[in-house]
Amino acid sequence: MAPSIPRYIDTVIIGNGPAALILSYILHGNIPYYAGGHPDPLLDAKLSRSRTLLDVTPDLYDHFSSSLRYSTQALPINTLLDTLLRPNADTELNPPSCVCWKYEPQKAVPHIVLGNTAAPGGQWQENAVSASWDIGTLSYAEMLSLPGLTFADHWERAHGQPMPDFVRPSRREVADYLSAYPTAVGISDSIFNSQQVSGISRTRDGFMIASHNMRCKHLVLGSGTFSMNIAPQPPLAELANLRTKSEPLLVVGSGFSAADAIISASETRQIIHIFKWAPDTRPSPLRGCHHQAYPEYAGIYKKMKLACKQSPTNTSKQRPMMRRKSKSSLGNRDWSTTYEGYPNGSIKSVNVQENTATIQIQCANGTISDRTIGELRYVVGRRGSLAYLQPSLLKEVVGEATSPVNPVVSTRTLRQKVEKNFQVAPGVFIIGSLAGDTLIRHAFGSCVHTAANLIREHSIVSERRHSIQNPATQKHARERSTRSLGKNVSPHGIPSSNCSDQNSLAESSDSDGGGGVVLEDHRDLHIDRRTLPRAKSRATSPTRQGSRRCSSW
Ligand SMILES: Cc1cc2nc3c(=O)[nH]c(=O)nc-3n(C[C@H](O)[C@H](O)[C@H](O)COP(=O)(O)OP(=O)(O)OC[C@H]3O[C@@H](n4cnc5c(N)ncnc54)[C@H](O)[C@@H]3O)c2cc1C
Ligand SMILES: *[C@@H]1O[C@H](CO)[C@@H](O)[C@H](O)[C@H]1NC(C)=O
Ligand SMILES: *[C@@H]1O[C@H](CO)[C@@H](O)[C@H](O)[C@H]1NC(C)=O
Ligand SMILES: *[C@@H]1O[C@H](CO)[C@@H](O)[C@H](O)[C@H]1NC(C)=O
Ligand SMILES: *[C@@H]1O[C@H](CO)[C@@H](O)[C@H](O)[C@H]1NC(C)=O
């Protein structure tokens, strides 16, 4: 029988995306430790003194800012966990992980995850811009792995053979992986999908969740920043309902989602693409895409660039767009006849007929073009919403940083606050993209830090309860909560990360993703990883790489 949502629980996590899944894994009692072997001697020395990664203190990463080794884009604690999980990921293929996970059930914190998608995985289960499910992700597979079951493990289960190197899975494959994850690692008892949460308010000793008529002591916001598309303003808004596939598609946007919309269109469809073009001040995120690693994005970037060459001057009298042969990586589309790019174009007027519309486009050079279109994809970015918090709690969390009526949040809204503390209000924590670092590889810091706080508070409370009932157990309980008594079986009897071998989190690699959104500005992200040297001591298979024995200490 499926478990039902309790009336009261210690911790409720809002959102069922990758960050919520990582946190739930830890709160089930799977505790990360430093396994040793990080190539940064300073970091290695600091961590070798105290291997538990639940007690991460700023002195561990205060040398990062002066070191070229580390990205300064992500929050330091996210960078720390990333480099421990995937040391040298940007220069080495499948580097061994420096983190191992021990199952310590005495540290588990009762919690549930409430997310509105039908399956676990958050935004990976949605298709907000109706792009093709077969588009490859920006991240290579290793960068998408969650603890306890790597993407490669999942691949091997599904395909019956080891995953090859350099896989960029499709969105569908990532969604399938995340759906399978909770059961595979034994955390599905806590995950509740298709749950729209609303009306959360603070009570005297915790929080009330009106939509579910339940209470909790701690709240974790993992609701992400990508659940809503930024809607078109008038006059473009009038085009939102057009669905005439036989007429041209108007794509507005300059990022990945715009590129995805173009890639997803039928090859014979006419595409009119309006995009911002400011390479010096705000370059398109597509610019960094290496042509070998990301041929489709690099290809579309090239088309956009070419359109710019032709537009600002008025020397060329022929139709825009090149006469060059298209690369096969961009499919069989005849770009010269089907793609028109309008850098810095703007819509002057819109005239909707029944199923189509005529629009006037003002080009950067001032010329006006009339075009008929059958459909609009407006993909200039996505946002999240904190409308599920009642006004006074909302105010505690975001202050004046967003509208109380329509509390839209971006990756920047809470960033400054989390730079000080992931606990943004008493008892309220923030994880994942809401904390400003969007990539899955950068979700671990916020989750580990939040878990550490929840575990600490929970063990204090249960000790107190214990000692009231039976003072003799007090000492015992404290010992239990501070010592690591690793066991090998996860809550559901599935052998899990015992810090010895194959089940440790094994990841490496990198990338970026975004929906017309400029995610973190990772300059290092779009490199062609296929040129990377393999790890010196490449373990037998990708699933086994990245783990070391914890048992020796
Ligand atoms: C198009 C696109 C491509 C991307 N590609 C990559 C990539 O290749 N690699 C990578 O690492 N990252 C990528 N990302 C970044 C993405 O942020 C992360 O992969 C990851 O999904 C972040 O996880 P999260 O748990 O923080 O939030 P999310 O995955 O955003 O999940 C949060 C969930 O909470 C739900 N929610 C919100 N409010 C409520 C409510 N009131 N009640 C219930 N549920 C609620 C949301 O609808 C959402 O489903 C991409 C993002 C986008 C938009
Ligand atoms: C587009 O506008 C930006 C300023 O917003 C400018 O820097 C850029 O040169 C323009 N590009 C074209 C092709 O007109
Ligand atoms: C376009 O060309 C005409 C002459 O053909 C010239 O008068 C005009 O200044 C040019 N406009 C721009 C923006 O270069
Ligand atoms: C202005 O730019 C558009 C494309 O953006 C192009 O089709 C047109 O020929 C240009 N006009 C002139 C006068 O150069
Ligand atoms: C860890 O688990 C594996 C099986 O998953 C087992 O073979 C191994 O002995 C365990 N190691 C330790 C140190 O308990």
Side-chain angles (χ1 to χ4, degrees), residues 13-23 113-129 131 135-141 143-146 168-169 171 174-175 178 192-200 209 211-212 220-229 255-257 259-260 275-283 304-305 307-313 341-345 363-366 379 381-382 384-389 409 411 430-443 446-447 509-517 519-520 522 525:
I13 305 169
I14 315 296
N16 56 357
L21 299 179
I22 295 168
L23 179 57
V113 170
L114 299 174
N116 58 12
T117 56
Q123 72 87 18
W124 291 98
Q125 302 293 350
E126 301 160 10
N127 193 352
V129 296
I135 290 176
T137 56
L138 285 162
S139 289
Y140 286 90
M143 291 302 197
L144 299 166
S145 286
L146 307 188
R168 277 175 60 205
R171 272 187 81 75
V174 178
L178 297 172
F192 296 89
N193 308 305
S194 303
Q195 304 295 323
Q196 183 68 41
V197 177
S198 62
I200 306 185
I209 300 175
S211 55
H212 289 73
V220 180
L221 315 183
S223 51
T225 50
F226 295 121
S227 45
M228 312 182 303
N229 279 315
F256 292 109
S257 290
D260 287 348
F275 52 91
K276 284 247 156 60
W277 187 261
D280 300 329
T281 51
R282 222 182 137 76
M304 291 162 67
K305 200 166 160 185
C308 294
K309 287 223 175 91
Q310 274 143 349
S311 86
T313 62
Y342 291 93
N344 291 352
C363 311
N365 59 16
V379 276
R382 297 199 206 173
S385 170
L386 294 179
Y388 57 88
L389 302 178
V409 286
T411 52
I430 283 192
I431 57 169
S433 61
L434 202 52
D437 291 336
T438 57
L439 296 175
I440 293 176
R441 66 183 289 188
H442 289 147
S446 57
C447 292
S509 168
D510 75 20
S511 194
D512 197 333
V517 215
L519 299 170
E520 301 136 75
H522 297 279
L525 276 185

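In this text the structure is predicted, and so the values were computed from the model without any measurement. In each ligand, atom 1 is the first atom listed, and ligand 1 is the first ligand listed.
With atom 20 (C) of ligand 1 as the reference point, the heavy atom nearest to it among S433, G224, P18 is part of P18. Counting only non-hydrogen atoms, the option in V197, I22, V113 that gets closest to atom 41 (N) of ligand 1 is V197.
For the pairing with Y388, the side chain to side chain contact (heavy atoms under 4.5 Å, CB included) check across N116, I209, L221 returns one residue only, L221.
A pairwise comparison of heavy atoms in C308 and P343 identifies SG-CB, 3.4 Å as the closest pair. Nearest heavy-atom pair, R382 versus S257, reported as atom, atom and distance to 0.1 Å: NH2-OG, 4.2 Å. Of all heavy-atom pairs spanning S194 and A118, the tightest one is OG-CA, 3.3 Å.
Between V379 and D260 there is no side-chain heavy-atom pair separated by less than 4.5 Å. With a 4.5 Å cut-off on side-chain heavy atoms, P169 and L144 count as touching. Counting heavy atoms from C-beta on, the side chains of Q195 and H212 come closer than 4.5 Å. A 4.5 Å side-chain heavy-atom check between V220 and V113 finds every atom pair outside the cut-off.
For L138, a nitrogen or oxygen atom sits less than 3.5 Å from a nitrogen or oxygen atom of ligand 1, counting backbone and side chain alike. For ligand 1, the polar-atom distance check finds an N/O of I440 within less than 3.5 Å of one of the ligand's N/O atoms. Taking any N or O of S385, backbone or side chain, none lies under 3.5 Å from an N or O belonging to ligand 1. In terms of polar-atom proximity, S139 is counted as a contact of ligand 1, with an N or O under 3.5 Å from an N or O of the ligand. An N or O contact shorter than 3.5 Å links W124 to ligand 1 by distance. For ligand 1, none of its N or O atoms has an N or O atom of S227 under 3.5 Å away.
The R382 neighbourhood of ligand 1 comprises atoms 1 (C), 53 (C), with distances under 4.0 Å to a heavy atom of that residue. For ligand 1, the atoms sitting less than 4.0 Å from at least one non-hydrogen atom of G432 are 26 (O), numbered in the order shown with element in parentheses. For ligand 1 and T137, the ligand atoms under 4.0 Å from any heavy atom of the residue are 8 (O). Numbered from 1 in the order shown, with element, the atoms of ligand 1 that lie under 4.0 Å from a heavy atom of T117 read 49 (O). Against a heavy-atom cut-off of under 4.0 Å, A19 is close to the following atoms of ligand 1: 25 (O), 26 (O). In the vicinity of G122, heavy-atom distances shorter than 4.0 Å reach the ligand 1 atoms 29 (O), 31 (O), 33 (C), 48 (C), 49 (O). In the vicinity of E126, heavy-atom distances shorter than 4.0 Å reach the ligand 1 atoms 46 (C), 47 (O), 48 (C), 49 (O). Short contacts between ligand 2 and A364, defined as distances under 4.0 Å to a heavy atom of the residue, involve ligand atoms 14 (O). The ligand atoms of ligand 1 that sit less than 4.0 angstrom from a heavy atom of Q196 are 40 (C), 41 (N), 42 (N).
A distance of 12.0 Å separates OG of S223 from CD1 of I13, quoted to the nearest 0.5 Å. Rounding to the nearest 0.5 angstrom, the gap separating the CD1 atom in I430 from the CD1 atom in I14 is 11.5 Å. Between L23 atom CG and I431 atom CD1 the span is 5.0 Å, to the nearest 0.5 Å. Of the inter-residue distances, the one linking S446 atom OG with L434 atom CG reads 9.5 Å to the nearest 0.5 angstrom.
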task = Determine, step by step, whether M228 and S385 satisfy the side chain to side chain contact (heavy atoms under 4.5 Å, CB included) criterion, reporting the C-alpha distance in whole Å, the side-chain angles of both residues, the deciding distance to 0.1 Å, and the verdict.
result = CA-CA 8 Å; M228 312 182 303; S385 170; 4.1 Å; yes
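Neither the backbone nor the side chain of F256 has a heavy atom within less than 4.0 Å of ligand 1. By the criterion of a heavy-atom distance under 4.0 Å, the side chain of L144, and not its backbone, is placed next to ligand 1.
Heavy atoms of G115 approach ligand 1 to within less than 4.0 angstrom. Heavy-atom separations between R171 and ligand 1 include at least one value shorter than 4.0 Å.
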